[in-house]
Amino acid sequence: MPPTVLVLCTGNSCRSQMAEAILNHDLAGQVRALSAGTRPQPSIAAGTLAALRQAGLSTQGLVPKDVDRVLNEAIDLVVTVCDHAREVCPVFPRPVRSIHLPFHDPHGEPLEGFIRVRDELRARLVPAVRAALGLPEGPR
């Protein structure tokens with residue numbers, strides 16, 4: 001079983017959902033990515049879904065989840081992508097490594113804002129997760 005990465009944000013409707021889809025695509029077979037929120041929104045932002053689909057990334061199964069739903073998962077790495085989530089990150093049942101990589105929140109912006117965040121997630125998050133887990137460098 002590959003290591004499990006939890007991407008944690010406040011609303012779990014933009015950044016963390018994009019991060020989950022990107023990690024599961026770009027590091028397929030090397031990690032299992034999940035996302036959750038400390039105060040999840042009722043739905044994923046339309047811009048999030050559009051930006052992912054535009055890049056050919058699957059949106060299947062993406063739904064906002066409360067972090068309480070994943071606390072008992074065997075998490076190997078927690079990545080907080082907003083400052084609020086880092087500040088209120090819950091205590092997990094067992095010690096878990098964490099890293100903090102803040103990203104701009106595109107919620108309420110035009111699609112271009114979501115695309116910028118998607119591309120930044122891909123450029124910064126994927127290498128950071130590789131490094132944190134000691135995964136081999138992938139093809140460029």
Side-chain angles (χ1 to χ4, degrees):
M1 185 78 160
T4 299
V5 177
L6 172 63
V7 184
L8 190 60
C9 199
T10 303
N12 193 219
S13 66
C14 295
R15 297 164 285 187
S16 53
Q17 293 288 344
M18 285 194 272
E20 176 181 346
I22 289 167
L23 289 173
N24 280 327
H25 180 271
D26 290 8
L27 299 178
Q30 295 183 288
V31 302
R32 173 180 159 249
L34 306 170
S35 68
T38 58
R39 289 193 318 252
Q41 296 292 312
S43 62
I44 296 176
T48 297
L49 298 172
L52 290 172
R53 289 180 184 133
Q54 185 193 60
L57 298 167
S58 174
T59 60
Q60 184 176 353
L62 295 181
V63 293
K65 296 169 288 305
D66 191 287
V67 68
D68 291 342
R69 283 184 45 195
V70 297
L71 281 180
N72 291 319
E73 293 274 346
I75 307 291
D76 298 287
L77 177 67
V78 174
V79 181
T80 52
V81 294
C82 74
D83 291 334
H84 181 265
R86 179 179 64 170
E87 292 166 11
V88 300
C89 188
V91 175
F92 287 84
R94 63 181 182 86
V96 66
R97 185 163 182 212
S98 66
I99 59 175
H100 178 62
L101 285 171
F103 292 90
H104 170 72
D105 183 1
H107 200 89
E109 294 181 5
L111 179 58
E112 293 75 26
F114 288 85
I115 291 169
R116 274 192 300 278
V117 171
R118 178 201 67 204
D119 294 346
E120 187 180 348
L121 282 161
R122 195 168 236 167
R124 291 180 45 218
L125 179 66
V126 173
V129 168
R130 274 190 201 283
L133 294 174
L135 300 174
E137 191 63 32
R140 298 211 177 248

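When a residue number appears, it is its place in the shown sequence, counting from 1.
Side-chain contact between L77 and V31 is absent, with no heavy atoms from C-beta onward closer than 4.5 Å.
In terms of the side chain to side chain donor-acceptor pair (under 3.5 Å) criterion, residue partners of E109 (sequence neighbours excluded) are, by chain and number, H104. Judged as a side chain to side chain contact (heavy atoms under 4.5 Å, CB included), and not counting sequence neighbours, the contacts of D66 are P40, D68. In this view, N24 satisfies the side chain to side chain donor-acceptor pair (under 3.5 Å) rule with no residue, not counting sequence neighbours. Q41 is linked by a side chain to side chain contact (heavy atoms under 4.5 Å, CB included) to S13, counting only residues two or more places apart in sequence or in another chain. With sequence neighbours excluded, the residues satisfying side chain to side chain donor-acceptor pair (under 3.5 Å) with R124 are E120. For A131, there are no side chain to side chain contact (heavy atoms under 4.5 Å, CB included) partners two or more places apart in sequence or in a different chain. Under the side chain to side chain donor-acceptor pair (under 3.5 Å) criterion, T59 pairs with R53, sequence neighbours left out.
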Identify every side-chain donor-acceptor pair in residues 112-119 under 3.5 Å, counting partners at least two apart or on other chains, and give the distances.
| residue | atom | partner | partner atom | Å |
| --- | --- | --- | --- | --- |
| R118 | NH1 | A51 | O | 2.7 |
| R118 | NH1 | Q54 | OE1 | 3.2 |

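Closest heavy-atom contact between V7 and A19: CG1-CB, 3.6 Å. In this structure, I44 and V63 approach most closely via the heavy-atom pair CD1-N, 3.8 Å.
For Q17 (side chain) and N12 (main-chain N/O), a donor-acceptor pair under 3.5 Å exists by modelled atom type.
Side chains of T10 and R39: a donor-acceptor N/O pair is absent below 3.5 angstrom, by distance only.
Interatomic distance, CG of L49 versus SG of C14, reported as 9.5 Å (0.5 Å rounding).
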